[in-house]
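Structure record follows, encoded as C-alpha cells.
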2 protein chains.
Amino acid sequence: MELRTLRYFVAVAEELHFGRAATRLHMSQPPLSRAIKQLEAEAGALLFARSPAGVTLTPVGAVLLDEARALLDHADRVRARVFAAAGVATLTVGILGDSTDPGATRLADAYRRSHPDIDIRIRDTDLTDPTCGLRAGLVDIALTRAPFDETALTLRELRTDPVGVVLRADDPLARRGRLRRADLGDRRWFQFPRGTDPIWQSYWNGGEPREGPVVRVVQECLQAVLWNGTVGLAPLGHDLPAELAAVPLIDMAPSRVVAVWNKGDTNPLIRSFIEIATAAYRH
Amino acid sequence: MELRTLRYFVAVAEELHFGRAATRLHMSQPPLSRAIKQLEAEAGALLFARSPAGVTLTPVGAVLLDEARALLDHADRVRARVFAAAGVATLTVGILGDSTDPGATRLADAYRRSHPDIDIRIRDTDLTDPTCGLRAGLVDIALTRAPFDETALTLRELRTDPVGVVLRADDPLARRGRLRRADLGDRRWFQFPRGTDPIWQSYWNGGEPREGPVVRVVQECLQAVLWNGTVGLAPLGHDLPAELAAVPLIDMAPSRVVAVWNKGDTNPLIRSFIEIATAAYRH
DNA sequence: CTGCAACGATACCCACCGGGTATCGGCATC
DNA sequence: GATGCCGATACCCGGTGGGTATCGTTGCAG
C-alpha cells in the first residue's frame, strides 16, 4: 500500500468512473484499472462494484476512502512541515511574454493561497525562447506554448487554443470567417532570430520555411503585420487593436498551453505547482 | 514521497548506520544510500550528516523522523481497519514436521498478540515436501528449511543452523568432536520418496547421490540410524534419544530456516507475518 | 608512516513494474 | 442486431528499484 496507489483509489472513488479518473490523474485507463485491482488484492476485498450501470463503492471501499483521504492529508502536512524545516522558499516561473491569460491569474492566486510561505519569482521572456530559459536553469518551470524541442523536458498540457491569422482590418481576407493556410498565398511571415528552436519557428510559420521580418516580442509581431503586410499567426481569444483582425485557420493544429520543467528536476515545489496549475486551467 | 521511502529513512535514522539499516530492511547498502539521497533531493535538504565519526540526523532529518513515524503508524492503522472491514481472517501456515523450535513459539505468540482477530491454521507436513504444500496452494506460507527449488517462490531467511551427522551412540565416530563428509565412508544414507525435490534430497545426502532406506518423517530417520546403521544429517541443537549422538560436520553448508511464500501472492497477511517472523527469530 | 579495516558513495547491470497502445467483451440503447 | 460506452485484457517498452563490485576517505594499529 503506497501513497500513489491511494491517490489513484481516491480519484476513482470520487469520479466513480475509471476513464474520467484516469484523465484527472493524467494517465490512461488500463494501468489505473490494474492498480486498483492490485490494491483490491492487497486489501483482500473488492473496493468497487463494477456494474453496467456504473461504478459504486463497496462497504470496504467506503471505509478505505475515508481512511485514504485522511492519510493523504496527513502526508501533505508532513511534506509541508519538512519543506518549512528545510527552508525551501523559492520557485522561479518563466512566462512567455504574451501569457497574460485568466488561467495564469487563477494559478497565481491559488498557489499563493496554498503555499503562502513560498516566494514565487516570475521571469518574463520574449518569444525567442519557448522554454523561457528552462534549459539554462534560469527558471524552475515555464508556462509557455508548445510545440518545441522536448528532449530532456517534461510537459503538462494545460489548455489548447485554436490558432488564427492576424491581418490588417482592411485586408480583404479579414472579412472571411475562416481560412486555410493556402489562402494566404505568398505573403511574408515573420521570423524569429537565428538560433530559435526550429520546431517552434516552423509552427508559427504554418509548418513551412518562410521569409520575412525578424521579431522578438508580441508588439513587434503586431507592428510587422500593420506595416509590412506580414502574416502573423496567433492563438485566438486575445484582444487586438482595432486596426487588426484575427481569422481562424482551420488547417492548423491548435496551440497547446503547457507547463514544462526539466526532466528529473528534483525541486520539491514543482509537483505541487503542476497540480495547482492543472486545476487552475481546468476552470 | 512514498511510504516505502519513509520506512527506509526511519530505519537509517534509528540505526544511524547505512549498512545496519540495510540489513534490517533486508536489502543491500547501495540502493538504500540512493533512496535516501533521492528523498533528500525531494525534501530540498540533507537529512543526515555523514561524517567519518558516523551518521547523525540533521535538524530537518529530526523533523522528518517524527513526522514519518507518525505517518507510518497512521498507515498501519489504515491497513488494519481495511483488513477488519474486509473480514480478512485466515492465514494457513505450513510447518515442516520437525520445526518445533523456540523461534516458532515466539512467532506464534507475537503474531497472536498483534493480530488477535486473525485465525491461524497450521498444517504440519512430513519431510517429503520441503515447501509444505505451498505450490499446491495448501498453505499461504511455509516455515521450513532451505535448500529446495525456489522457482516462483520468495524466501526470507530466519536463521541458520550448523548441520551434523546423527549416529548410534556406540558408533566409533560418535566420539569425534567434528567430522567431514568423507569420514563417513560408504555408509548408506537415507532417501526421500520418488518425486521429492532433488535439491532438497541432494542436500540431506551431503551433496551427492546415495542409496539407502526411504524415510518420510523424523521418527523414521532416527529409526533408520538405529536399525540400519544409516547415516542421517540433521540440524544441530535438537534433543536426541540417549542411543543416538550428533557430531558437527564441518564441510556442510549450514541449514537455513526460512519463511517461504508463492512469489506474487497477494494475500495481505503475508507481509506482516514475515515481519513478525523475522523479529521473532532475531530473538 | 604505512597498511588495514570500516563505511558510505559510485559505477554498472538486470529484472520487474508502472506507464503506454490496441483490442476485447458485456451490456444498454436505439 | 448494429452501435457506443466502459472496464478488462493482452502486450510492449523504458525507468527504476533491486543487485554486485569497487572506490575514496578516514581513523587506527603496528
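Proteins get letters first, then strands, A, B, ... in listed order; numbering begins at 1 in each. Heavy atoms only: backbone and side chains are in, while hydrogens, waters and symmetry mates are out.
- For the contact set between residues 9-34 of chain B and DNA chain C, defined by any heavy atom under 4.0 Å, the members are B/His17, B/Phe18, B/Gly19, B/Gln29, B/Pro30, B/Ser33.
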Less than 3.5 Å apart, which donor and acceptor atoms pair up between the side chains of residues 33-41 of chain B and the rest of the protein, not counting sequence neighbours?
{"residue": "B/Ser33", "atom": "OG", "partner": "B/Gln29", "partner atom": "NE2", "Å": "3.1"}
{"residue": "B/Glu40", "atom": "OE1", "partner": "B/Arg50", "partner atom": "NH1", "Å": "3.3"}
{"residue": "B/Glu40", "atom": "OE1", "partner": "B/Arg50", "partner atom": "NH2", "Å": "3.2"}
{"residue": "B/Glu40", "atom": "OE2", "partner": "B/Leu47", "partner atom": "N", "Å": "2.8"}
{"residue": "B/Glu40", "atom": "OE2", "partner": "B/Phe48", "partner atom": "N", "Å": "3.3"}
{"residue": "B/Glu40", "atom": "OE2", "partner": "B/Arg50", "partner atom": "NH1", "Å": "2.7"}

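- Both A/Lys263 and A/Val55 sit near DNA chain D, but only A/Val55 has its closest nucleotide nearer the 5' end.
- Residue A/Tyr8 is in sugar-phosphate contact alone, with no base atom involved, counting any heavy-atom pair closer than 4.0 Å across all strands shown.
- No donor-acceptor contact under 3.5 angstrom links the side chains of A/Thr92 and A/Arg123, judged on distance only.
- Listed by chain and number, the residues in a side chain to side chain contact (heavy atoms under 4.5 Å, CB included) with B/Asp197 are B/Pro130, B/Phe148, B/Asp149, B/Ile199, B/Trp200 (sequence neighbours excluded).
- Rounding to the nearest 0.5 Å places CG of A/Leu143 at 5.0 Å from CD1 of A/Ile95.
- Sorted by first and then second residue, the ring pair (Phe, Tyr, Trp, His ring centres under 6.0 Å) pairs involving residues 66-88 of chain A (not counting sequence neighbours) are A/His74-B/His74.
- Nearest approach of B/Arg180 to B/Asp251, heavy atoms of both residues: CA-OD1, 3.5 Å.
- For the residue pair A/Ile276 and A/Ser114, the shortest heavy atom distance occurs at CD1-OG, 3.1 Å.
- Rounded to whole Å, atom C1' of D/dG18 lies 17 Å from atom CD of B/Glu2.
- The side-chain hydrogen bond (donor to acceptor under 3.5 Å, both in side chains) check on A/Arg121 picks up nothing, with sequence neighbours excluded.
- Following rounding to the nearest Å, A/Ile36 (CD1) and D/dG7 (P) show an atom-to-atom distance of 12 Å.
- Taking every nucleotide of DNA chain C with any atom under 4.0 Å from a non-hydrogen atom of chain A, the first and last of them, 5' to 3', are C/dG18 to C/dC27.
- Between B/Arg4 and D/dG18 there is a side-chain N or O to OP1 or OP2 distance below 4.0 Å.
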